[in-house]
Structures are given as C-alpha cells and as structure tokens.
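The shown structure was predicted, so the numbers you read here are calculated from the model rather than taken from an experiment.
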Amino acid sequence: MDAELAPTDFPWQKAVGIVPGARPKVCAVLCDGVYVEGEGPAVRHQRWLLCEDLARQLLPVAMKDAAKHPQESSEEVLERFQAALARKCWLSEDELGWLVNRLRVLLAW
C-alpha cells in the first residue's frame, strides 16, 4: 500500500475552517502542488493508522467484555464500545463508525 493511501472505505474529513472577513473564502490545503478541500492524503493516512491501531488495541478488550456479558449480543457489545468512544471525542463521527465496523470485522462478528 502506498504510504499516503488509506483503505477506500475509510472516511474523508470535510473541510472545516472559519476565516473572518467580508469576502468568501475556501479552506484548502496545498498537497503536491494541488489545492485539496479538506484533508490531504497524508493526513487521511495518519488518521487511518490511528484508527486501525485503536481497533487492534480494543480487540482483546472487546473479547473480554463479550465473555464477561455472555447474555449480550455482539451488536450490544459494539454499541457499548461506540458509546464509550464517542464520549472520548477522539474521532469524528465517520471515523468512529469505521472503527466499530473494523472491530466487527476483526472479531468476525
């Protein structure tokens, strides 16, 4: 995989910016000589690496939690993880959805 590529299903972040003034403005970053709205491929790759690492760290925690609560379905366990991660505010809503789906795949649920 190219150093600046993330899986195609990993979300792109939308441009977020507030620039004062009366004239309209566009928030963009210069990436390889081209202006890109939102994040560039290198930033997206770094965000994916962070999410992938977090998913792998959560694997044993999720397995332990599922074993602790055998009466709960795998979806209930993942919903609890999603709610807990959402309270941390580490990830965007789209990244959080991707991470939960990645956990589902890694756990084969």
Side-chain angles (χ1 to χ4, degrees):
M1 178 177 286
D2 189 280
E4 292 188 353
L5 293 180
T8 56
D9 66 335
F10 190 75
W12 283 92
Q13 296 300 310
K14 295 160 187 68
V16 177
I18 299 172
V19 183
R23 293 183 179 208
K25 295 167 181 70
V26 176
C27 294
V29 294
L30 185 61
C31 180
D32 294 328
V34 177
Y35 284 99
V36 179
E37 183 182 1
E39 66 188 5
V43 173
R44 182 171 178 256
H45 182 254
Q46 289 299 312
R47 296 295 300 172
W48 167 69
L49 287 175
L50 179 136
C51 290
E52 180 68 23
D53 181 58
L54 185 55
R56 291 185 181 276
Q57 288 181 49
L58 290 173
L59 264 174
V61 180
M63 289 188 291
K64 183 177 178 182
D65 191 62
K68 185 177 178 182
H69 303 282
Q71 73 282 5
E72 292 184 355
S73 71
S74 58
E75 286 305 311
E76 289 172 313
V77 172
L78 290 174
E79 284 173 13
R80 190 169 49 253
F81 268 73
Q82 185 165 2
L85 286 168
R87 287 191 297 272
K88 302 279 187 198
C89 298
W90 291 338
L91 308 170
S92 71
E93 190 174 319
D94 291 339
E95 289 171 336
L96 180 57
W98 183 89
L99 185 132
V100 171
N101 284 333
R102 182 68 176 141
L103 268 175
R104 186 178 289 112
V105 167
L106 292 172
L107 291 163
W109 286 354

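- Within the 4.5 Å cutoff, the side chain of N101 has no heavy atoms near those of the D9 side chain.
- Residues A62 and V77 share a closest heavy-atom pair of O-CG1, 4.2 Å.
- Considering CD of E76 and CG of D65, their distance stands at 11.0 Å, rounded to 0.5 Å.
- Hydrophobic cluster membership is shared by L50 and L58, with clusters built from Ile, Leu, Val, Met, Phe, Trp and Tyr side chains linked at under 4.5 angstrom.
- Side-chain contact between L91 and L54 is present, with heavy atoms from C-beta onward closer than 4.5 Å.
- Residues that satisfy the salt bridge (Lys or Arg N to Asp or Glu O under 4.0 Å) test with E95, not counting sequence neighbours, are R47.
- Counting heavy atoms from C-beta on, the side chains of R56 and L106 come closer than 4.5 Å.
- Looking only at side-chain heavy atoms (C-beta outward), V100 and F81 stay at 4.5 Å or farther from each other.
- Looking at residues two or more places apart in sequence or on another chain, you find a salt bridge (Lys or Arg N to Asp or Glu O under 4.0 Å) between E72 and R80.
- Between atom CE of residue M63 and atom CH2 of residue W109 there is a gap of 8.5 Å, rounded to the nearest 0.5 Å.
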Residues 82-89, side-chain donor-acceptor partners within the protein, below 3.5 Å, at least two apart:
none

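- Closest approach of A67 and P70 over heavy atoms only: O-CD, 3.4 Å.
- Using a 4.5 Å cut-off between side-chain heavy atoms of Ile, Leu, Val, Met, Phe, Trp and Tyr, with links allowed through other members, W90 and L103 fall into the same hydrophobic cluster.
- The distance from atom CH2 of W48 to atom CG of L99, rounded to the nearest 0.5 Å, is 13.0 Å.
- Hydrophobic clustering, with ILVMFWY side chains joined whenever heavy atoms are under 4.5 angstrom apart, groups V61 together with L96.
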